[in-house]
Amino acid sequence: MNTHTNKAMEIINNSKFQVKGVKTFTGREGYGINANLYYENKKVAFLLDSGNGGMLDIDWNWGSKDDKPYVPAIVKEAKLYLETLVNTLPKKSMWGEYDFDDEGVVNTLIDGYLAKQDFKKCLNKVSVLTDENKIGSYKAKASDLDKTFNFKEGAMTFREFVLKDKSVKLILNDMPIDKAFNTYMENR
């Protein structure tokens, strides 16, 4: 990935936005999602990509006063922040000249959320980085790393068994979570 794209992703992932409650499904023309968009830990919109070839919909939350709809201040602030965020992102990406838009920002947040979910699943098993810079997993649970098992070569901990494989550079489960996640993202 080029540096402009990486920089844009870093800015978006460190913004005041986050997504929660992401659900994926199969639509007529691909995968779809629905999720909630949060701004400074307050829910401000519902997100829907129906997987039917159209754009992602951002349904901003409306309030109601005296039975009349209105846009709450936090939603106005979130919309303005999103517009400002879009305008500050690099104008180049791995696809060439590219202006990010609301959908690009939200999709980056969703991709990050889904990657973290996959990473957590990966760490439930003994996961390693190979000398080919690929992520690999054993069927063993991460909690089995320091348990002793009987192998053809004799009794040893699962960690010793894994490290006997010279193609294993490191065990992701042994790393601090942030560093392991970065390694996972760089090599998946």
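Values reported hereafter were calculated over all heavy atoms of this structure, with side chains retained and with hydrogens, waters and symmetry mates removed. Predicted, not measured: the structure shown is a model, and the values here were computed from it.
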Out of curiosity, Asn107 CG to Met55 CE, how far, rounded to the nearest 0.5 Å?
9.5 Å
Nearest-0.5 Å distance, OG1 of residue Thr183 to CZ of residue Arg188:
13.0 Å
For the NZ atom on Lys169, are there more than 12 heavy atoms of other groups (residues, nucleotides or ligands in this structure) within a distance under 6.0 Å?
yes
Could you check Leu48 against Asp59 for side chain to side chain contact (heavy atoms under 4.5 Å, CB included), going step by step and ending with a plain yes or no?
CA-CA 8 Å; Leu48 175 65; Asp59 185 15; over 6 Å; no
Hey, mind stepping through Leu172 and Val128 against side chain to side chain contact (heavy atoms under 4.5 Å, CB included) and telling me if it holds?
CA-CA 5 Å; Leu172 289 177; Val128 298; over 6 Å; no
Out of curiosity, Tyr138 OH to Asp144 CG, how far, rounded to the nearest 0.5 Å?
13.5 Å
Give me the ring orientation class for Tyr39 and Tyr81: parallel if the planes are under 30° apart, tilted from 30 to 60°, perpendicular past 60°.
tilted
When you compare the side chains of Lys125 and Asn173, does any donor N or O come within less than 3.5 Å of an acceptor on the partner?
no
Roughly how far apart are Gln18 CD and Asn36 CG, rounded to 0.5 Å?
11.0 Å
Kindly indicate whether the side chain of Tyr184, heavy atoms from C-beta on, has any atom under 4.5 Å from the side chain of Asp118.
yes
As an exercise, state the distance from CD1 of Ile74 to CD of Glu40, rounded to the nearest 0.5 Å.
5.5 Å
Nearest non-hydrogen partners of Val22 and Ile110, listed with the distance
CG1-CG2, 4.3 Å
Evaluate the side-chain proximity of Tyr38 to Val44: yes if any heavy-atom separation is below 4.5 Å, no if none is.
no
What are the two closest non-hydrogen atoms of Ser64 and Tyr70, and how far apart are they?
N-CE2, 3.4 Å
Heavy-atom pair with the smallest gap, counting every atom of Ala142 and Leu123
CB-O, 3.3 Å
State, yes or no, whether a side-chain contact exists between Leu163 and Glu160 at a heavy-atom distance under 4.5 Å.
no
Do Asn13 side-chain atoms and Leu109 backbone N/O form a donor-acceptor pair below 3.5 Å?
no
Does Asp102 form a side chain to side chain contact (heavy atoms under 4.5 Å, CB included) with Val105? I'd like the steps, not just the answer.
CA-CA 5 Å; Asp102 298 359; Val105 169; 5.9 Å; no
Could you walk me through whether Lys16 and Asn41 satisfy the side chain to side chain donor-acceptor pair (under 3.5 Å) test, starting with their C-alpha distance in whole Å, then the side-chain angles of each, then the deciding distance to 0.1 Å, before giving a yes or no?
CA-CA 8 Å; Lys16 296 179 182 181; Asn41 296 318; over 6 Å; no
For Asp146, is the CG atom crowded, meaning more than 12 foreign heavy atoms sit under 6.0 Å from it?
yes
Same cluster or not: Leu80 versus Leu89, using hydrophobic residues (I, L, V, M, F, W, Y) connected whenever any side-chain heavy atoms lie under 4.5 Å apart?
no
Row check, Tyr113 ring normal vs Lys20 NZ/CZ: under 6.0 Å, within 45°:
no
Indicate yes or no for a side-chain donor-acceptor contact from Asp49 to the backbone of Gly51 under 3.5 Å, with no hydrogens or angles considered.
yes
Would you please say whether a donor-acceptor pair under 3.5 Å links the side chains of Ser127 and Ser137?
yes
Check against side chain to side chain contact (heavy atoms under 4.5 Å, CB included), Phe119 and Ile177:
CA-CA 10 Å; Phe119 171 69; Ile177 292 291; 4.2 Å; yes
What are the two closest heavy atoms between Lys43 and Asn61, and how far apart are they?
O-ND2, 3.2 Å
Is there a side-chain contact between Thr148 and Met156 in this structure, where contact means two heavy atoms from C-beta onward sitting under 4.5 Å apart?
no
For the residue pair Phe161 and Phe158, categorise the inter-ring angle as parallel (less than 30°), tilted (30 to 60°) or perpendicular (more than 60°).
tilted
Measure across Leu170 and Met175 and return the closest heavy-atom pair with its distance rounded to 0.1 Å.
CD1-SD, 3.3 Å
Nearest heavy-atom contact between Pro90 and Ile11 is CD-CD1, 4.3 Å
If the threshold is 4.0 Å, N to carboxylate O, is there a salt bridge linking Arg159 and Asp174?
yes
What I'd like to find out is whether the side chain of Phe17 reaches to under 4.5 Å of the side chain of Ile12, using heavy atoms alone.
no
Linking I/L/V/M/F/W/Y whenever any side-chain heavy atoms sit under 4.5 Å apart, do Val19 and Tyr31 land together?
no
Any side-chain heavy-atom pair of Leu129 and Ile135 under 4.5 Å
yes
Do Lys23 and Phe25 make a side-chain contact, defined as non-hydrogen atoms from C-beta onward lying under 4.5 Å apart?
no
Quick one: does Phe46's side chain get under 4.5 Å of Leu37's, heavy atoms only?
no
Between the main-chain N or O of Ser167 and the side-chain N or O of Asp165, is there a donor-acceptor pair closer than 3.5 Å?
yes
Once rounded to the nearest 0.5 Å, what's the spacing between atom CG of Asn34 and atom CG of Asp57?
11.5 Å
